[in-house]
Enquirer: 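Have a look at the structure that comes next, please.
Sequential numbering from 1 along the given sequence is applied to the chain's residues. Because only heavy atoms are used, hydrogens play no part in the values below, and waters and symmetry mates are left out as well, while side chains stay in. Keep in mind it's a predicted model, so treat the numbers as computed, not measured.
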Amino acid sequence: MGVGTSTFVIRWINFLTMLLAIGVIIFGVWMSTHHDSCRKSLTLPVIGLGAFIFLISIVGFFGALKNNSILLWIYLIALCFILIAILVFTVLAFIVTNNGSGHSVAGLRYKEYQLEDYSSWFLKQLNNSHNWERLRSCLVKSEDCNKLSKKYKTLKQYKLAKLTPIEAGCCRPPSQCGYPAVNASYYDLTFHPVSPNKDCKRYKNSRAIKCYDCDSCKAGVAQYMKTEWRIVAIFNVVLFVVLSIIYFVGCCARRNAAARSHSKA
C-alpha cells in the first residue's frame, strides 16, 4: 500500500471512530439521566467504552496525521489487545451458549425452558441471589407480563400466542402444573397442581410476584441471554474482520512513517 494511501485511510477511519465515540459517550450520559435503574447500571460501561474508543482514535489519528511511528506503535498495540479481547469473548460466547434448548408445549405455540439444561456459567450467575434480585426488579418494571392481557383479549388468542422465553417462563406457571388459565394474566390456583415442580407453588397471580422466583423464569432469562449473546458473537466476528483489515492498514502506515523518518534522518 502506498505511503500516502495508508496514512490517509487510517486518518479518516480514526476521525470517524472519534465521532462514533462521542456519540457513545453522549448516549451513556443520556442513560445516566434515565430513571430506570436497570438502564443506569449500564451507564459506566457505555461511557467507559466510548472514552476508550475516543482515546485510541486520537492516538491513531494524530499518529497518521503527523506520520509519527511511536504514536502508530501505541495505536497498533492497543488495537492488537482489542482484537485478542474480541476473539476470546467470541469463543467464550459460543461455548457458553452452546447448550440449552426449549421443549414445545402440546397444544400451544411457544416453548418452555429448563434451567438445568444451560451451562454452569448461566446457572452460577442466575442462582446468585444478588444478581437475580437485580434482574427480578428489572423484569417487574419491564411490564412484559402486565401487557399480555392487553395483547391477547381472549383466552383463545392467548393459547395461540407465540410467547417469548421470558413471557413463557416468568408470566405464567409451567404447563405441567395443570392450572387452568382464566385469561392472559390470571390462573385458577384453586386446582391442586398435578406436578411436584416447586414452580407450581411459587407462582402467584399478583403482578409483583407472578413466576419471577421460578426456575422457569431464570431459564427464560437464560434463553434470552443466549440469543442476545449469539447476536453479539456474530457481530464480533464481523467487527474482528473489519478491525483486522484496519490493523493491516495501520501496520502499513507505521512502516511508511518509520521509513519516512529514516529517510529524513
Side-chain angles (χ1 to χ4, degrees), residues 1-34 38-98 119 121 125 131 225-265:
M1 186 174 288
V3 176
T5 305
S6 58
T7 54
F8 176 82
V9 171
I10 289 296
R11 187 163 64 244
W12 279 102
I13 285 176
N14 283 283
F15 178 75
L16 294 175
T17 52
M18 275 194 285
L19 296 179
L20 175 65
I22 292 172
V24 172
I25 293 172
I26 292 173
F27 178 68
V29 173
W30 175 84
M31 289 177 68
S32 67
T33 61
H34 202 280
C38 300
R39 290 188 179 184
K40 277 187 176 181
S41 63
L42 297 173
T43 298
L44 287 179
V46 169
I47 294 177
L49 176 63
F52 184 66
I53 294 173
F54 185 76
L55 181 62
I56 291 177
S57 299
I58 284 182
V59 174
F61 178 80
F62 281 104
L65 182 66
K66 302 295 185 181
N67 283 314
N68 189 306
S69 60
I70 296 176
L71 288 179
L72 287 172
W73 261 119
I74 296 172
Y75 172 71
L76 290 173
I77 291 171
L79 199 57
C80 182
F81 278 117
I82 292 174
L83 286 170
I84 294 172
I86 291 174
L87 185 62
V88 171
F89 176 82
T90 304
V91 171
L92 289 177
F94 277 113
I95 292 174
V96 168
T97 61
N98 188 44
S119 68
W121 185 87
Q125 298 301 316
N131 290 346
M225 292 172 65
K226 173 184 173 179
T227 304
E228 292 296 305
W229 274 46
R230 278 293 174 93
I231 294 173
V232 172
I234 293 171
F235 172 78
N236 279 348
V237 171
V238 177
L239 182 62
F240 183 84
V241 173
V242 173
L243 289 180
S244 297
I245 295 172
I246 295 174
Y247 183 81
F248 169 75
V249 177
C251 288
C252 293
R254 186 212 60 80
R255 187 169 61 250
N256 292 335
R260 183 173 293 184
S261 63
H262 280 306
S263 64
K264 287 182 179 180

Enquirer: Restricting to non-hydrogen atoms, name the atom on Ile53 and the atom on Ala21 that form the minimum distance, rounded to 0.1 Å.
Expert: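 Looking at all heavy atoms of both residues, the closest pair is CG2-CB, 3.8 Å.
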Enquirer: Tell me, which pairs form a side chain to side chain donor-acceptor pair (under 3.5 Å) where one or both residues lie in residues 231-244, sequence neighbours left out?
Expert: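 Those involving residues 231-244 do not exist here.
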Enquirer: If you apply the rule side chain to side chain contact (heavy atoms under 4.5 Å, CB included), what do you find for Ile22 with Ile26, and how did you get there?
Expert: CA-CA 6 Å; Ile22 292 172; Ile26 292 173; 3.8 Å; yes
Enquirer: CG/Leu243 to CD1/Ile13 distance, rounded to the nearest 0.5 angstrom?
Expert: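 Answer rounded to 0.5 Å: 9.5 Å.
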Enquirer: Starting at CG of Leu19, measure out to CZ of Phe54 and round the result to the nearest 0.5 Å.
Expert: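 Answer for the CG-CZ pair, Leu19 versus Phe54, is 9.0 Å.
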Enquirer: To the nearest 0.5 Å, what is the distance between CG on Leu72 and CD1 on Ile10?
Expert: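 Answer for the CG-CD1 pair, Leu72 versus Ile10, is 7.5 Å.
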Enquirer: Just how far is it from atom CG of Leu76 to atom CD1 of Ile74, taken to the nearest 0.5 Å?
Expert: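 Those atoms lie 10.5 Å apart.
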Enquirer: Taking only residues two or more places apart in sequence or in another chain, which ones pass side-chain contact (heavy atoms from CB on, under 4.5 Å) with Trp121?
Expert: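 Result, side-chain contact (heavy atoms from CB on, under 4.5 Å) vs Trp121: Val96, Ser119, Gln125, Met225, Trp229.
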Enquirer: For Ala78 and Ile56, which heavy atoms make the closest approach, and how far apart are they?
Expert: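 Heavy-atom minimum between the residues: CB-CD1, 3.9 Å.
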Enquirer: Surrounding CZ of Phe15 (heavy atoms of other residues, nucleotides or ligands, distance under 6.0 Å), is the total greater than 12?
Expert: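 No, the 6.0 Å shell around CZ holds no more than 12 heavy atoms from other groups.
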Enquirer: Which one of Ile84, Thr90, Val91 satisfies the side-chain contact (heavy atoms from CB on, under 4.5 Å) criterion with Val88?
Expert: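 Exactly one candidate clears the test, Ile84.
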Enquirer: With rounding to the nearest 0.5 Å, note down the distance linking CZ in Phe235 to CZ in Phe240.
Expert: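 So the CZ of Phe235 and the CZ of Phe240 are separated by 14.0 Å.
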Enquirer: Could you tell me whether Ile70 atom CD1 has more than 12 heavy atoms of other residues or ligands within 6.0 Å of it?
Expert: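 Not buried by this count: 12 neighbours or fewer within 6.0 Å.
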Enquirer: Should Phe61 and Thr17 be marked as a side chain to side chain contact (heavy atoms under 4.5 Å, CB included) after you check the CA-CA gap, both sets of side-chain angles, and the distance that decides it?
Expert: CA-CA 10 Å; Phe61 178 80; Thr17 52; over 6 Å; no
Enquirer: Mind checking side-chain contact (heavy atoms from CB on, under 4.5 Å) for Val241 and listing every partner two or more places apart, or none if nothing turns up?
Expert: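 Val241 satisfies side-chain contact (heavy atoms from CB on, under 4.5 Å) with Ile245 only.
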Enquirer: Looking only at heavy atoms, which two atoms of Thr97 and Arg230 are closest? And how far apart?
Expert: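 So the minimum-distance heavy-atom pair works out to OG1-NE, 2.7 Å.
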Enquirer: For the residue pair Asn68 and Tyr75, establish whether any side-chain heavy-atom pair is separated by less than 4.5 Å.
Expert: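 With C-beta onward as the side chain, the pair stays apart.
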Enquirer: Working to the nearest 0.5 angstrom, can you tell me the gap between Ile47 CD1 and Trp30 CH2?
Expert: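 If we round to the nearest 0.5 Å, Ile47:CD1 and Trp30:CH2 are 12.5 Å apart.
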Enquirer: Do Phe62 and Arg11 have side chains that get closer than 4.5 Å, going by heavy atoms?
Expert: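 Not in contact.
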